[in-house]
Protein chains: 2
Amino acid sequence: MTKAAIDKKRKVHFDPDNVDIIVAQGENLLQAAIDAGAHINASCGGAGVCGTCKVLIKEGKVKSTRTEKLSAEEYKHGFRQACQSSIITDLTVSIPVESRLETAVLAREGKEMAAGVQQPETLATGWRFNPPLSKLFVELPPPTLEDNTSDLSRVLRGLKQQYNLDNISVDFGVIKKLAKVLRDGDWKVTITTLMTGTETQSDGEPRLTMINIEPGDTRGKYYSLAFDIGTTGVRAQLLDLKRGRVLAQGVDYNGQISYGADVITRIAYCQKRGGLQRLQKTVVTTMNGIIKELLTQAEVEMEDIGYVVVAGNTTMLQLFLGLEPKYLRLTPYTPVANFMPLVRANYLGLELGEHVYLYALPSVASYVGADIVSGILGTGVHQRKKLTLYVDIGTNGEIVIGNSDWMVTASCSAGPAFEGGGIKHGTIATDGAIEQFDINPSNFEPTISTIGDTKPKGICGSGLINIVAGLLEAGVISQNGKFNTDLHTKRVREGSDGYEYVLSWAPETQISKDIVITEVDIDNLIRAKAAMYAGCQTLIKSVGLTGNNLEQVIIAGAFGSSLDIEKSITIGLFPDIPRDRFIYIGNGSLLGARLTCFSTDMLDEGEKVARMMTNFELSENTTFMNNYIAALFLPHTNADEFPSVSKRLATGEKVN
Amino acid sequence: MTKAAIDKKRKVHFDPDNVDIIVAQGENLLQAAIDAGAHINASCGGAGVCGTCKVLIKEGKVKSTRTEKLSAEEYKHGFRQACQSSIITDLTVSIPVESRLETAVLAREGKEMAAGVQQPETLATGWRFNPPLSKLFVELPPPTLEDNTSDLSRVLRGLKQQYNLDNISVDFGVIKKLAKVLRDGDWKVTITTLMTGTETQSDGEPRLTMINIEPGDTRGKYYSLAFDIGTTGVRAQLLDLKRGRVLAQGVDYNGQISYGADVITRIAYCQKRGGLQRLQKTVVTTMNGIIKELLTQAEVEMEDIGYVVVAGNTTMLQLFLGLEPKYLRLTPYTPVANFMPLVRANYLGLELGEHVYLYALPSVASYVGADIVSGILGTGVHQRKKLTLYVDIGTNGEIVIGNSDWMVTASCSAGPAFEGGGIKHGTIATDGAIEQFDINPSNFEPTISTIGDTKPKGICGSGLINIVAGLLEAGVISQNGKFNTDLHTKRVREGSDGYEYVLSWAPETQISKDIVITEVDIDNLIRAKAAMYAGCQTLIKSVGLTGNNLEQVIIAGAFGSSLDIEKSITIGLFPDIPRDRFIYIGNGSLLGARLTCFSTDMLDEGEKVARMMTNFELSENTTFMNNYIAALFLPHTNADEFPSVSKRLATGEKVN
């Protein structure tokens, strides 16, 4: 090949997105898909080990390595791993349904969130509606020769006289437009102030900064944004600070998914040149898209947004803020900062007014982030004497135990099974994901239902829990997770990865392949739930208590309302205690971020919560390892830990 | 002319600068000169009324209007006002010596400033050497699994343990580089803090902000800049904050001169589209040039500068900060802000590190600026019981009277005579300006000396005072400023503007023209000194005192050490009180800015001084007008006000 040929530009077309991109010959196909904006999965971030970025080359040629993630037959039919392929000629590429990210399910989640909007924030109590962002209207006497003090002094004097405000700092941006705004408004203006002094303030005096000034009375238009930046999804709400209401909600996949499904892969990506900058920009693009959508939904002008509160796990926050994440995953796992100073939103790339500051909720440690602090804050765990277990389920599980007097926390790496990762037909919770599962105990035929009520294309995390619980109760698998091969059903069969159960036959699926759950999948789920349970158990025991002491269990996480608590207990994910002690809250992180926009009390309490949490590192803890090994059984090797489940399994009873 | 011809590009060459510029046909010639960086005067900012931008068109054609500022003969010989000319063809343009700005005199001034460098700051007393910018070295224990708090918490803990520092704010820029710097420095780092909480702080606690962090121990490299932004010249010093010394000094013309000599013309220029932005950028360019020069002189790296303090009159500060100056010159004369928040230096365009903040000293009113506050601060007027008159002489004269208990201030528009403006052969204090003048009382022949000891090209402000005093004492002019036409000398003659005295015959000059002082010039000076004196008198009387009560008179201003106090009293500029009460300080504004870099005491006191000054508006005050009219005489219509001068004039005695 000549040098000239190498320099050639190639056109790549992606279906079903129907987008084109022109790239240099030799460019990586996954990168081209990301750059073209084609929705594609890439759980491992392009390392070639997950197989989720499988695509079909319909026309043209790529240079590609076949890994074990691609069968010889798939390879023959033109399937390639996008991350392992470089572009040779012009291409037409089809992204198969199982490799696609779809936003429909997130949109549904948005609707569910919206349905709950008007509900009172009942868990956290005692907070006043008193947003850190305020708008104050002042009428000033115009200057005269006898009273020709500076414009700024006149405004400060007005604030003192009309609101008894003193000691207010002033942003230079306000000074820049002061002269014009005062005269445009005929000496009647609205001043926006932000409480900027909580982090290190010991004198108890709130520190206020004047961040904006507008002509006339604009107190009616006064909004903020609350964000939860999740590893998988980014969720936001547009809040009316005058009326204390959620005006609109939005959710989208975190664009960083294309660079890896989990935080570790993304941290690794940041070690590439420009990697951190790219991931930072990517999540900001996602957030800007959501902001635009929220503004349209609520018919609010961008200029009227005055404040942003963001929660998220420590890695997501560091990536969003552009802070080197390397040391989060290297022992001894140190974050850059648990308490962040206010940052200007548009310094980070958010498309908001120049005056807008962003507040990131505080974190506790590398793997106990602001999302957990926010959840505890939003559910008021720190306000009650009631001993509470707070669990946030995800690829990383976070656990908090405590009450208003003390709080301990830990995180454990559950692996990606709860989000459908590492599962043969696993998928994130998207349209076509099998969510509900029931099994006929006489003929072992399943009844399944999917998100979006479409043909199935895979299994999501909550579906996986329901399936394994169902198979266990029906005796299709035993308590060690192995298949009972004596049953009279062709649903249980030997596959390429050992025994498996067919959930859906090829013709009934979107992917024209049998959708199965394998012993390897079940094993992955057992390891995930064992890690979560062992984490809880270790933490509970470390403070001299048992599961029965827990007066309340709050479950948060990406599952939202589709997690079945009873079945989760059946597989041994949660302790076997009275079910009425469990509460679902869905996304706890966003809840706390919202309340922080509504109340300076929350702003103060968030920092108090972060400071009162004692973090336990489980990763190198031997008790945790022992508990983990004991939990590698359904529900547990020690039947006494799960009395009601053990009794039911022994009697062959079924719950629902 | 066709459209194509109009769009043509033209090349303009300027001598003696020897610079070329390509511009569109039709472009204004003054603008082309400014853009080309040719040094040119334009006192009126291009309005065509001052005649200082006169140029000689040596080759090519311009389209130009002839105003009264250009004689028919000059016009015939090819002289044009650059501001009144548009470019038709390629040009070769010569800027004559009287239209040029030259920096040699400012360089001399720089040397004079340097000579005073090691002198103690004796006037202001009681301040501790305690810069608002600090560098702190901390050694931190590296993180372990048992102590894996965040990087930021580790640093804050170190500051608490090693320096008992609490309540410190942190700039996001520090967070951004924190992880890398801590590890690069092997957990030994130097932290830069800035006192950021003086303006509105009432609790007396200093508010510190961590603005930078560097690996290792960098306490030895720790510098700041002090600036005085004058209407004509910009002066700066590079300060070593570790040793409390001035390392280098620099001075240059304020590039805005090309847009007008006085503040009023520049404020008017800002009403043009993009005018304010252009003037802002222009002065920043001047300042960047000085910074570069200072760094080279002192062999200091840009990164090691941590702080900038700026003083200047209210208009200069507002233009530098990009703040609308319109209302400074419209009644009731309101500045945007007397107390400015800290601003990031590179937000303003200064070529300094991202972490550098700029502090602007406070002002009192539209025409009593930070330069005066800085001068009072630097000379300690506010610290002593001694009743002091502080006068800053310039196009705008500022006057302060008071002591440690009280202070009143006023400004009066003296007109440009003190800076050589509005004078037939006037010039700013540059090479060739007549500075010293002596006259032989028998034959009325003069002895003159010029700045730079070159052939004369004009008369600067201090020269004008010396000449008028000399002519008065020799009886060449009478006390009303009119020429005695009975003298036997051809030096006194009738010219185009009435009677005049020839200071230098054409062959002895740089401009090949007789250099004269006219009755109109003398009248202009009388009006300027009358305004200053009436200002002082009005202010003194307004507080129930007389000139004799003054225990100290401090003179500041652009004259620097070339102002002759005795002769200034002779013409009635300063009150006729014992000469030993007078002190020269040269540039008071820069003095205060320097001390503010050296001491947080000064930072606090500067704000106290600004707040304790009561401003008197003289512009519409009838007492001032009466005093002004009474002062339109040499030295004054009331001889009793100037007993020693009156006695001398009566006896024909001469002082020096």
Whether [X] side chain and [Y] backbone form a donor-acceptor pair below 3.5 Å:
X	Y	answer
A:Asp186	A:Lys188	no
A:Thr314	A:Ala365	yes
A:Arg344	A:Leu358	no
B:Arg154	B:Asp147	yes
A:Gln280	A:Leu348	yes

Heavy-atom pairs under 4.5 Å with chain A: which of [options] has the most?
options	result
B:Pro332, B:Ser153, B:Gly322, B:Pro143	B:Pro332
B:Lys326, B:Glu146, B:Lys176	B:Lys176
B:Val343, B:Thr149, B:Leu145, B:Asp171	B:Leu145
B:Ala337, B:Ser150, B:Ser366	B:Ser150

Proximity breakdown for [X] and chain B, heavy-atom pairs closer than 4.5 Å:
X	value
A:Leu323	side chain
A:Leu321	both
A:Arg183	side chain
A:Tyr327	side chain
A:Leu178	side chain
A:Thr331	side chain
A:Val336	both

Closest non-hydrogen atom pair, A:Pro325 against A:Ile267: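 Closest approach of A:Pro325 to A:Ile267: O-CG2, 3.8 Å.
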
Donor + acceptor pair across side chains of A:Asn148, B:Glu617 (<3.5 Å):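 Yes, B:Glu617 and A:Asn148 have a side-chain donor paired with an acceptor closer than 3.5 Å.
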
A:Arg611 to A:Phe339, cation-pi by 6.0 Å centre distance and 45° axis angle: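 Judged by the rule (NZ or CZ under 6.0 Å from the ring centre, within 45° of its axis), A:Arg611 counts as positioned above A:Phe339.
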
Heavy-atom pairs under 4.5 Å with chain B: which of [options] has the most?
options	result
A:Val364, A:Val174, A:Thr334	A:Thr334
A:Val155, A:Asn615, A:Ile175, A:Leu182	A:Ile175
A:Ser363, A:Ala179, A:Pro335	A:Pro335

Student check: side-chain heavy atoms of B:Leu208 and B:Leu194 closer than 4.5 Å: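 They are not in side-chain contact.
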
